[in-house]
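Every heavy atom of this structure was used, including side-chain atoms; hydrogens, water molecules and symmetry mates were not.
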Amino acid sequence: MGSSSVASTTATAVEEKKPTPGGGAGHDDFYWTYTEEPHRTRRMAIIKAHPEVTKLCGPEPMTKYVVAGVVALQVGCAWALRNSPVFSWPFWLTAYIIGATANQNIFLAIHEISHNLAFRSPLANRLLAIFANLPIGIPYSASFRPYHLTHHKSLGVDGLDTDLPTAFEAVFLDSVLGKAFFATFQIFFYALRPMFIYQIPITGIHLLNILVQVLFDVVLVRTAGANALWYLIASSFLAGSLHPCAGHFIAEHYVFERPSPDAKDPAALAPVPETFSYYGPLNFFTYNVGLHNEHHDFPAVPWSRLWRLNQMAKEFYDPLPQHPSWVGVIWQFVLDRDVGMWCRVKRAEGGRKVGGGTGTTAGWKEEELGANEAKVIPGVK
């Protein structure tokens, strides 16, 4: 793992207790913190030091073309494999190498679109997300958005941030075999866990997402056969399994380096980092989601400008911990006895739910920055 120091500029503006394992055994409890999440604090510090970063905010027109190309690629592959048996090496090799990479790209396209970063119109973003959803095989985009935006507004908040593993998961998967099971089937955990945490209301966008997806699946099966649909579903499963690009799910927020309670290094007294970036080549396939500190600091900056954000504010990002490899992240997560499901920072309170309406009225500026912050950031239109 890269540098483990924490920049003084990331320290929160409120009184904080040092997060420590509650059980005292070293790896049998989450990190509990008593401060606000660090990204808003760092965002305001960066804006003060580099006000020009606000010009990076706003939609990226290229996104819709990338989405169209990847959707076409996956539909083409599904058609090409329509006569290939499901239990054959051409089917699974294609699904792993091309399909899983493409569907991971689509997952992260929907992630990008959920922040209203493809169009200025919220409704246009919702419709593009439904289109991007097609190769996944299962309706997903409408439900993903409110849960994900709540993850941003309620980072680490127990009962709101559905990216956090539950205590039940941590207890039963706290072993090499348990972690291997989680890493293999993590797509199901991320899909099903939110529904066990809290329910979101079903809206017209959800119903449209379901209707369009079901119609697409029916047409695909009737014209190309069931194997074509199975290819898309297999691609989605592999995209969230033991695939190099799937390493980002674990890399983003799991704590891999626990500070020693007896450490005398002043850095050990700083807050435990909650978000980790990756700057390697797999960002090319994943909308630069590896630049995750940058994304959480400025969710209104699209994928195409995250590297520019990083360069503008290097003094803030260079000292932060980072992962050199997503494959290495999966390997260490499974095999390292000191890393596991418990290694997440949690808050007992704070944050708020996002969504519940149609999600078609608020603009990207207010949703991604917050109405009050948006007013004080110059140059954002």
Taking atom CH2 of Trp331 as the centre, report whether more than 12 heavy atoms of other residues, nucleotides or ligands fall under 6.0 Å from it. no
Please answer whether the main-chain N or O of Phe285 pairs with a side-chain N or O of Asn105 as donor and acceptor at a distance below 3.5 Å. yes
Interatomic distance, NE2@His151 vs OG1@Thr162, rounded to 0.5 Å, equals 8.5 Å
State plainly whether the residues Arg43 and Asp297 are in salt-bridge range, i.e. N to O under 4.0 Å. no
Have Ser241 and Gln186 got a donor and an acceptor in their side chains that come within less than 3.5 Å? no
With no hydrogens and no angle check, just 3.5 Å: does a side-chain donor-acceptor pair link Ser236 and Asn103? yes
Indicate yes or no for a side-chain donor-acceptor contact from Glu60 to the backbone of Ser304 under 3.5 Å, with no hydrogens or angles considered. no
Does Phe189 reach the side chain of Glu169, with side-chain heavy atoms less than 4.5 Å apart? yes
Can you tell me if Asn209 and Arg126 form a side-chain donor-acceptor pair at under 3.5 Å? no
Give a yes or no on whether the backbone of Pro85 and the side-chain of Ser88 come within a donor-acceptor separation of less than 3.5 Å. yes
Within the distance-only criterion (no hydrogens, no angle test), does the side chain of Arg352 pair as donor or acceptor with the backbone N or O of Thr150 below 3.5 angstrom? no
Is there a side-chain contact between Ser84 and Asn227 in this structure, where contact means two heavy atoms from C-beta onward sitting under 4.5 Å apart? no
Rounded to the nearest 0.5 angstrom, the CD1-CZ distance for Ile136 and Phe216 is 11.0 Å
Using 30° and 60° as the class limits, which term best fits the ring planes of His296 and His152: parallel, tilted or perpendicular? parallel
Between the CG atom in Leu56 and the CE atom in Met312, the distance rounded to the nearest 0.5 Å is 4.5 Å
In Å, rounded to the nearest 0.5 Å, how long is the span from OG1 of Thr286 to CZ of Phe107? 13.0 Å
Is the backbone N or O of Ala118 less than 3.5 Å from a side-chain atom of Asn125, with the two atoms forming a donor-acceptor pair by type? yes
Would you give the length of the straight line joining atom CD1 of Ile197 to atom OG1 of Thr166, rounded to the nearest 0.5 angstrom? 6.0 Å
Measure the CD1-CD distance between Ile106 and Gln74 for me, rounded to the nearest 0.5 Å. 5.5 Å
Can you confirm whether or not the ring centre of His115 sits under 6.0 Å from the ring centre of His148? yes
Would you call the rings of Phe185 and Phe181 parallel, tilted or perpendicular if under 30° counts as parallel and over 60° as perpendicular? tilted
Check whether any side-chain N or O of Ser277 sits under 3.5 Å from a backbone N or O of His292 as a donor-acceptor pair, and report yes or no. yes
Pairs satisfying side chain to side chain donor-acceptor pair (under 3.5 Å), at least one member in residues 210-222, at least two apart: Asn133-Gln213, Gln213-Asp217
Under a 4.0 Å N-O cut-off, is there an ion pair linking Glu274 with Arg344? no
Looking at Tyr198, I'd like to know if the NZ or CZ of Lys353 sits under 6.0 Å from its six-membered ring centre while staying within 45 degrees of the ring's axis. yes
Would you please indicate yes or no on a ring centroid separation below 6.0 angstrom for His111 and His295? yes
Under 3.5 Å: donor-acceptor pair, side chain of Lys346, backbone of Phe30: no
Is it true that the side chains of Thr101 and His243 contain a donor and an acceptor less than 3.5 Å apart? yes
Main-chain N/O of Asp163 paired to Arg193 side chain as donor or acceptor, under 3.5 Å: yes
Taking the six-membered ring of Tyr147 (Phe, Tyr or Trp), confirm whether the NZ or CZ of Arg145 is under 6.0 Å from its centre and within 45° of its axis. no
Looking at Trp342 versus Tyr31, is the centre-to-centre ring distance below 6.0 Å? no
Does a sphere of radius 6.0 Å around NZ in Lys48 hold more than 12 heavy atoms from other residues, nucleotides or ligands, not counting ones at 6.0 Å or beyond? no
Phe256, Tyr254, Tyr278, Phe276 screened by side-chain contact (heavy atoms from CB on, under 4.5 Å) with Val329, the one that passes: Phe256
Report the hydrophobic cluster partners of Leu207, with the cluster defined as I, L, V, M, F, W, Y residues connected by side-chain heavy atoms closer than 4.5 angstrom, directly or transitively. Ile202
With a 4.0 Å cut-off on N to O distance, would you call Glu294 and Arg305 a salt bridge? no
